[in-house]
Amino acid sequence: MPDDTVTRFLKALSPQHRETVEQQPRERQERLAAEWETELVQDTDLDTLSELSPPAAESEAALRVFERHTP
């Protein structure tokens with residue numbers, strides 16, 4: 001499925017962060033992508049940003065998830 005959650009999550013990351021996540025096992029990528037979707041839904045600050053720029057909101061949420069799970 002070309003537009004699955006993992007693909008969308010990876011597209012929202014910067015190239016450097018994307019490369020780091022792509023090196024992870026698929027299961028970990030799926031967990032990060034699921035957390036990213038939850039972040040998009042639950043964070044009210046992202047709602048406002050999403051109205052102005054959906055790609056910016058997706059990138060911000062992806063970065064937050066990445067930073068929480070990367071030492």
For side-chain contact (heavy atoms from CB on, under 4.5 Å), just list the numbers for Lys11 and Glu58, CA-CA rounded to whole Å, side-chain angles, deciding distance to a tenth of an Å, and then say yes or no.
-> CA-CA 9 Å; Lys11 287 170 74 173; Glu58 290 181 353; over 6 Å; no
For the student: nearest non-hydrogen atoms of Ala57 and Leu40, plus distance | O-CD2, 3.7 Å
Taking only residues two or more places apart in sequence or in another chain, which ones pass side-chain contact (heavy atoms from CB on, under 4.5 Å) with Ala56?
-> Leu49, Ser53
Quick one: OG1 on Thr5 to CG on Leu10, what's the gap to the nearest 0.5 Å?
-> 10.5 Å
Holding to side-chain hydrogen bond (donor to acceptor under 3.5 Å, both in side chains), I want the full list of residues that pass it with [X], two or more places apart in sequence or in another chain.
{"X": "Glu30", "value": "Arg26"}
{"X": "Glu22", "value": "none"}
{"X": "Thr38", "value": "none"}
{"X": "Arg64", "value": "Glu39, Asp43, Glu60"}

Side chain proximity check, Glu35 to Arg68, heavy atoms < 4.5 angstrom = yes
Do Leu32 and Val21 touch side chain to side chain, with heavy atoms closer than 4.5 Å?
-> yes
Is there a donor-acceptor pair closer than 3.5 Å between any side-chain N or O of Ser59 and the backbone N or O of Ala12?
-> yes
Any pair with a residue in residues 10-62 that passes ring pair (Phe, Tyr, Trp, His ring centres under 6.0 Å), sequence neighbours left out, goes on the list, sorted by first then second residue, please.
-> Phe9-Trp36, His17-Phe66
Is a salt bridge present between Arg8 and Glu37, judged by a nitrogen-to-oxygen distance below 4.0 Å?
-> yes
Count the heavy atoms belonging to other residues, nucleotides or ligands that lie under 6.0 Å from CD of Gln24, then report whether that count exceeds 12.
-> yes
